[in-house]
Peer 1: 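This is the structure I have questions about; it appears just below.
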Amino acid sequence: MEEKVVLVTGGSRGIGKEVALKFAKEGYNVVTNYVSDKTDKEKLQKEFEENGVKALVLKADVTKKEDVENLVSKAIAEFGKIDVLVNNAGITRDNLLIRMPEEDFDKVLETNLKGTFLVTKSVTKYMMKKRCGSIINLSSVVGVVGNAGQSNYSASKAGIIGFTKSIAKELASRNIRANAVAPGFIETDMTEVLPEAVKENIHNQIPLKRMGTAKEVAELIYFLGSENSSYITGQVINIDGGMVM
Ligand code: NAP
């Protein structure tokens, strides 16, 4: 069988790492990136390769076009194609609107939304040549319903939904699917920083009474990347313990 290749942005930790590990366990070669100097690149590469696949791990900032083009061209040079793209890299800079510095608005939009645009544009070129591909973008339930203190983040995640639906329409004729995943609260570094009282309040809003795990999100993303979801495109799929119905 032909080897498949997944590119997951922000695969150093959290949801991105679990997604990359899930694809590796299923036999996909993995390409991933990160931005912080704290990441142990060699250790991360080994963790993916322990599953018997090849992995390419690079430092590349999704907000920088040169970094993105370098990441994608190295992936193509190494593996010849990208079958599945997961736009996962993302950040929060929470604050009430009235206190939000302009830089925090720009930084979140630049990373979450423009980063998704830059990586997708670069990868799509190669998917179009193969007339095949699946793109999964990380949105959030707050991109659907909004959240006080997250106007920048919610705007970026709502933007990702519009972006996903538009490219799903543009790329369907080339047999490329695009879907968005909208997690609720998932246990990662991003939610670890929340005060205990806020976490307690969150649990009370979730019918399943707990946060989700990165593994649970990875299972959904793997399904959307695989041929088992071959008739699903342009959708936003919530994974939130029933928080938003
Ligand atoms: P996380 O644990 O904070 O990890 C974020 C990842 O993104 C890291 O690998 C980080 O790399 C990378 N990253 C950040 N900025 C980057 C940049 N400019 N260029 C390249 N990589 C960058 O986050 P998470 O909780 O796993 O979230 C992953 C995605 O799911 C995000 O898009 C987030 O918005 C979305 N999401 C999360 C939740 C949740 O509850 N956790 C809910 C809804 C949606 P470094 O390690 O190098 O910093």
Side-chain angles (χ1 to χ4, degrees), residues 7-22 30-41 43-44 47-48 57-72 85-94 104 106-120 122 136-147 150 152-161 163-164 180-194 198-199 202-203 205-206 210-218 220-221 236-241 243-244:
L7 167 54
V8 184
T9 65
S12 55
R13 53 201 170 91
I15 295 171
K17 184 173 177 184
E18 283 302 332
V19 170
L21 279 170
K22 170 70 186 168
V30 169
V31 182
T32 196
N33 69 315
Y34 59 92
V35 72
S36 153
D37 289 325
K38 284 187 266 171
T39 303
D40 184 339
K41 184 175 145 168
K43 185 167 168 254
L44 193 60
E47 278 184 69
F48 297 132
V57 179
L58 291 174
K59 184 175 179 189
D61 186 336
V62 295
T63 68
K64 297 195 174 123
K65 195 175 164 196
E66 320 80 70
D67 281 21
V68 169
E69 283 180 353
N70 182 46
L71 171 72
V72 174
L85 165 64
V86 183
N87 281 304
N88 165 82
I91 58 165
T92 49
R93 293 278 187 282
D94 297 350
D104 285 1
D106 289 345
K107 186 73 192 162
V108 168
L109 267 289
E110 209 188 359
T111 307
N112 300 359
L113 185 55
K114 191 173 170 196
T116 296
F117 159 75
L118 288 174
V119 180
T120 307
S122 192
I136 301 108
N137 296 327
L138 266 291
S139 178
S140 165
V141 289
V142 307
V144 181
V145 296
N147 195 22
Q150 290 198 305
N152 52 357
Y153 183 76
S154 303
S156 74
K157 295 299 182 180
I160 284 173
I161 292 174
F163 177 76
T164 304
V181 164
F185 287 96
I186 309 299
E187 285 166 359
T188 67
D189 294 347
M190 196 176 263
T191 47
E192 180 59 33
V193 293
L194 296 170
V198 175
K199 283 189 193 164
I202 287 168
H203 288 178
Q205 295 169 40
I206 304 172
R210 64 169 178 89
M211 287 200 190
T213 64
K215 273 202 168 74
E216 288 171 315
V217 181
L220 171 61
I221 291 176
V236 184
I237 304 187
N238 292 7
I239 174 161
D240 62 358
M243 207 170 101
V244 174

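Every number for a ligand or one of its atoms is a count from 1 in the order of the listing. All values below come from the heavy atoms of this structure, side chains included, with hydrogens, waters and symmetry mates left out.
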Peer 1: Who passes side-chain hydrogen bond (donor to acceptor under 3.5 Å, both in side chains) against Glu216, sequence neighbours left out?
Peer 2: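 By the side-chain hydrogen bond (donor to acceptor under 3.5 Å, both in side chains) rule, Glu216 matches Arg210, Thr213.
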Peer 1: For a side-chain contact (heavy atoms from CB on, under 4.5 Å) with Val119, tell me which candidate from Asp67, Asn33, Leu85 qualifies.
Peer 2: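 That would be Leu85; it is the only one of Asp67, Asn33, Leu85 passing the side-chain contact (heavy atoms from CB on, under 4.5 Å) with Val119.
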Peer 1: Might you confirm whether atom NZ of Lys64 has over 12 heavy atoms from other residues, nucleotides or ligands at distances under 6.0 Å?
Peer 2: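 Not more than 12 within 6.0 Å, no.
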Peer 1: Going by atom types alone, do Thr116 and Asn87 pair a side-chain donor with an acceptor below 3.5 Å?
Peer 2: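 No.
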Peer 1: Return a table of N or O atom pairs, ligand 1 on one side and protein on the other, at distances under 3.5 Å, rounded to 0.1 Å.
Peer 2:
{"residue": "ligand 1", "atom": "3 (O)", "partner": "Arg13", "partner atom": "NH1", "Å": "3.3"}
{"residue": "ligand 1", "atom": "9 (O)", "partner": "Gly10", "partner atom": "O", "Å": "3.1"}
{"residue": "ligand 1", "atom": "9 (O)", "partner": "Ser12", "partner atom": "OG", "Å": "2.6"}
{"residue": "ligand 1", "atom": "11 (O)", "partner": "Ser12", "partner atom": "OG", "Å": "3.4"}
{"residue": "ligand 1", "atom": "18 (N)", "partner": "Asp61", "partner atom": "OD1", "Å": "2.9"}
{"residue": "ligand 1", "atom": "19 (N)", "partner": "Val62", "partner atom": "N", "Å": "3.0"}
{"residue": "ligand 1", "atom": "25 (O)", "partner": "Thr188", "partner atom": "OG1", "Å": "2.5"}
{"residue": "ligand 1", "atom": "26 (O)", "partner": "Ile15", "partner atom": "N", "Å": "2.8"}
{"residue": "ligand 1", "atom": "32 (O)", "partner": "Asn88", "partner atom": "O", "Å": "2.7"}
{"residue": "ligand 1", "atom": "32 (O)", "partner": "Lys157", "partner atom": "NZ", "Å": "2.9"}
{"residue": "ligand 1", "atom": "34 (O)", "partner": "Tyr153", "partner atom": "OH", "Å": "2.5"}
{"residue": "ligand 1", "atom": "34 (O)", "partner": "Lys157", "partner atom": "NZ", "Å": "3.0"}
{"residue": "ligand 1", "atom": "36 (N)", "partner": "Tyr153", "partner atom": "OH", "Å": "3.4"}
{"residue": "ligand 1", "atom": "40 (O)", "partner": "Gly184", "partner atom": "O", "Å": "3.4"}
{"residue": "ligand 1", "atom": "40 (O)", "partner": "Ile186", "partner atom": "N", "Å": "2.8"}
{"residue": "ligand 1", "atom": "40 (O)", "partner": "Ile186", "partner atom": "O", "Å": "3.3"}
{"residue": "ligand 1", "atom": "41 (N)", "partner": "Ile186", "partner atom": "O", "Å": "3.3"}
{"residue": "ligand 1", "atom": "41 (N)", "partner": "Thr188", "partner atom": "OG1", "Å": "3.1"}
{"residue": "ligand 1", "atom": "46 (O)", "partner": "Ser12", "partner atom": "OG", "Å": "2.6"}
{"residue": "ligand 1", "atom": "46 (O)", "partner": "Arg13", "partner atom": "NE", "Å": "2.7"}
{"residue": "ligand 1", "atom": "47 (O)", "partner": "Val35", "partner atom": "N", "Å": "2.8"}
{"residue": "ligand 1", "atom": "47 (O)", "partner": "Ser36", "partner atom": "N", "Å": "2.6"}
{"residue": "ligand 1", "atom": "48 (O)", "partner": "Arg13", "partner atom": "NH2", "Å": "2.9"}

Peer 1: Just jot down the salt bridge (charged side-chain N to carboxylate O under 4.0 Å, His left out) partners of Lys22, sequence neighbours excluded, or say none.
Peer 2: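 Per chain and number, Lys22 pairs via salt bridge (charged side-chain N to carboxylate O under 4.0 Å, His left out) with Glu26, Glu219.
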Peer 1: With sequence neighbours left out, what residues match Lys38 under side chain to side chain contact (heavy atoms under 4.5 Å, CB included)?
Peer 2: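 With sequence neighbours excluded, Lys38 shows a side chain to side chain contact (heavy atoms under 4.5 Å, CB included) to Ser36, given in chain and number order.
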